[in-house]
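The block underneath contains the structure these notes are about, expressed in structure tokens.
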Amino acid sequence: YGEALEEMFRLRHDVYVKERGWSDLARPDGLERDQFDNENATYLLAFDDGRVSGSVRLLPTTAPHLLGDLFPQLCEAQPVPRSEDIMEITRLCAHADYRQPGKKSVVIDRLATGMFEHAMGLGLRAFSMVTDAWIISRALQFGWKLKPLGLPQPYKEGTCIAGLVTVDQESLDNFYRTRNLVGPILSYVGIPRPNVELPGEYIAMPARVH
């Protein structure tokens with residue numbers, strides 16, 4: 001996956017540095033990486049027309065991660081969530097060509113749905129995240145069960161907020177229904193799929209292996 005990951009890092013640089021102006025992340029090689037791009041990170045990639053059209057990074061909250069290590073002050077309502085069944089969502093983005101109205105706008109929808117499929121296969125109960133405050137309303141429209149962990153706070157490029165997102169079958173089924181997606185959509189190529197048996201509402205069919 002070396003070439004695909006390099007393409008992902010270049011996409012992140014285009015989105016976060018060139019488009020959004022996060023100058024602290026600028027690198028002369030045009031690849032956006034930080035201290036959390038290590039052996040603990042899981043990447044989900046979207047491919048369209050033979051290229052990486054979007055990506056998301058998931059980090060275990062029991063290891064160093066964005067909220068716990070850089071933005072703990074955002075958790076005013078409760079301590080920073082740290083648990084084996086909670087992962088952090090970071091760097092969710094899509095190429096500019098795939099953020100247009102119509103069919104091409106589904107890349108983020110597919111990434112988010114695949115993210116929940118992966119979480120169900122792992123037996124996760126929640127995602128934590130640090131995000132721009134304006135994204136909260138879009139996440140709620142998408143059907144995320146999202147609880148703020150504190151009040152919005154300014155940062156260099158805008159206003160951010162921490163949140164905790166419930167992972168359950170109801171949310172995943174809602175994604176399929178409202179976005180006209182046929183699941184499972186996540187493919188595990190060359191790696192084993194996660195597969196856990198959990199009681200009650202967490203029982204779900206893991207994403208198909210291709």
Side-chain angles (χ1 to χ4, degrees), residues 1-20 22 24-70 84-99 103-124 127-131 165 167 172 175-176 179 181-196 204-210:
Y1 294 99
E3 291 184 4
L5 289 175
E6 181 172 330
E7 191 175 352
M8 177 198 71
F9 290 128
R10 194 170 302 281
L11 168 63
R12 282 173 29 180
H13 197 276
D14 288 345
V15 170
Y16 293 107
V17 177
K18 293 182 179 179
E19 292 184 33
R20 304 197 60 185
W22 292 7
D24 290 345
L25 302 181
R27 290 171 53 112
D29 61 3
L31 304 177
E32 190 279 300
R33 307 185 202 200
D34 64 18
Q35 65 268 43
F36 305 116
D37 289 302
N38 54 40
E39 67 276 4
N40 294 320
T42 297
Y43 304 103
L44 305 183
L45 307 180
F47 290 90
D48 289 87
D49 303 322
R51 66 175 176 175
V52 174
S53 58
S55 66
V56 62
R57 180 180 67 185
L58 303 177
L59 298 171
T61 57
T62 53
H65 62 289
L66 198 68
L67 178 58
D69 289 65
L70 299 185
E84 292 184 354
D85 56 7
I86 300 175
M87 294 190 80
E88 181 185 59
I89 305 167
T90 58
R91 297 300 195 267
L92 175 61
C93 63
H95 191 284
D97 290 348
Y98 298 90
R99 283 183 264 127
K103 183 178 180 181
K104 287 187 175 181
S105 66
V106 301
V107 168
I108 290 293
D109 293 349
R110 286 171 23 218
L111 280 169
T113 304
M115 192 171 65
F116 274 78
E117 289 178 354
H118 185 64
M120 293 293 294
L122 289 173
L124 302 186
F127 288 118
S128 63
M129 65 177 186
V130 175
T131 187
V165 182
V167 170
L172 181 56
F175 299 162
Y176 292 145
R179 300 302 179 182
L181 297 171
V182 178
I185 65 170
L186 188 61
S187 297
Y188 294 94
V189 181
I191 58 175
R193 68 182 180 185
N195 188 359
V196 298
M205 181 182 297
R208 186 183 308 135
V209 177
H210 296 287

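Rounding to the nearest 0.5 angstrom, the gap separating the CZ atom in R51 from the CZ atom in R10 is 13.5 Å. To the nearest 0.5 angstrom, R20 atom CZ is 14.0 Å from D14 atom CG. Here the CG atom belonging to L59 is positioned 10.0 Å from the CG atom belonging to D69, to the nearest 0.5 angstrom. Between atom OG1 of residue T90 and atom CG of residue D34 there is a gap of 7.5 Å, rounded to the nearest 0.5 Å. Rounding to the nearest 0.5 Å gives a distance of 11.0 Å between CZ of R57 and CG of N40. One finds the CG atom of L111 at 11.0 Å from the CD1 atom of I89 (value rounded to the nearest 0.5 Å).
Residues Y176 and P184 are in side-chain contact: their nearest non-hydrogen atoms beyond the backbone lie under 4.5 Å apart. In this structure, L186 and M120 have side chains that are not in contact, with every pair of non-hydrogen atoms separated by 4.5 Å or more. Counting only heavy atoms from C-beta outward, the side chains of H95 and V52 never approach each other to under 4.5 Å.
Between E32 and the choices R27, R12, H13, the side chain to side chain donor-acceptor pair (under 3.5 Å) rule is met once, by R12. Among I86, D85, L66, the single residue meeting the side chain to side chain contact (heavy atoms under 4.5 Å, CB included) criterion with T61 is I86.
Around atom CD of E3, no more than 12 heavy atoms belonging to other residues, nucleotides or ligands sit under 6.0 Å away. In the displayed structure, E84 atom CD is contacted under 6.0 Å by at most 12 heavy atoms of other residues, nucleotides or ligands.
Using a distance-only test at 3.5 Å, with no hydrogens or angles considered, a donor-acceptor pair links the side chain of R99 to the main chain of A94. Counting only distance, with no hydrogens or angles, the side chain of E88 and the backbone of H65 share no donor-acceptor pair below 3.5 Å. Not one N or O on the side chain of S55 forms a donor-acceptor pair closer than 3.5 Å with the backbone of M8.
The two residues L67 and S128 make their nearest non-hydrogen contact at CD2-CB, 4.3 Å. The two atoms that bring A4 and L45 nearest to each other are CB-CD1, 3.9 Å, heavy atoms only. Considering all non-hydrogen atoms of both residues, F175 and L181 come closest at O-CD1, 4.4 Å.
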**OP:** For V106 and R179, run side chain to side chain contact (heavy atoms under 4.5 Å, CB included): C-alpha distance rounded to whole Å, both residues' side-chain angles, the deciding distance at 0.1 Å, then the answer.
**Re:** CA-CA 8 Å; V106 301; R179 300 302 179 182; over 6 Å; no

Original post:
Do Y43 and V56 pass the side chain to side chain contact (heavy atoms under 4.5 Å, CB included) test, and can you show the C-alpha distance, the side-chain angles, and the key distance before you say yes or no?
Top reply: CA-CA 6 Å; Y43 304 103; V56 62; over 6 Å; no

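Taking the charged nitrogens against the carboxylate oxygens, D37 and R91 have no contact shorter than 4.0 Å, which rules out a salt bridge.
Classification of the H118-Y188 ring pair by plane angle, with boundaries at 30° and 60°, yields tilted.
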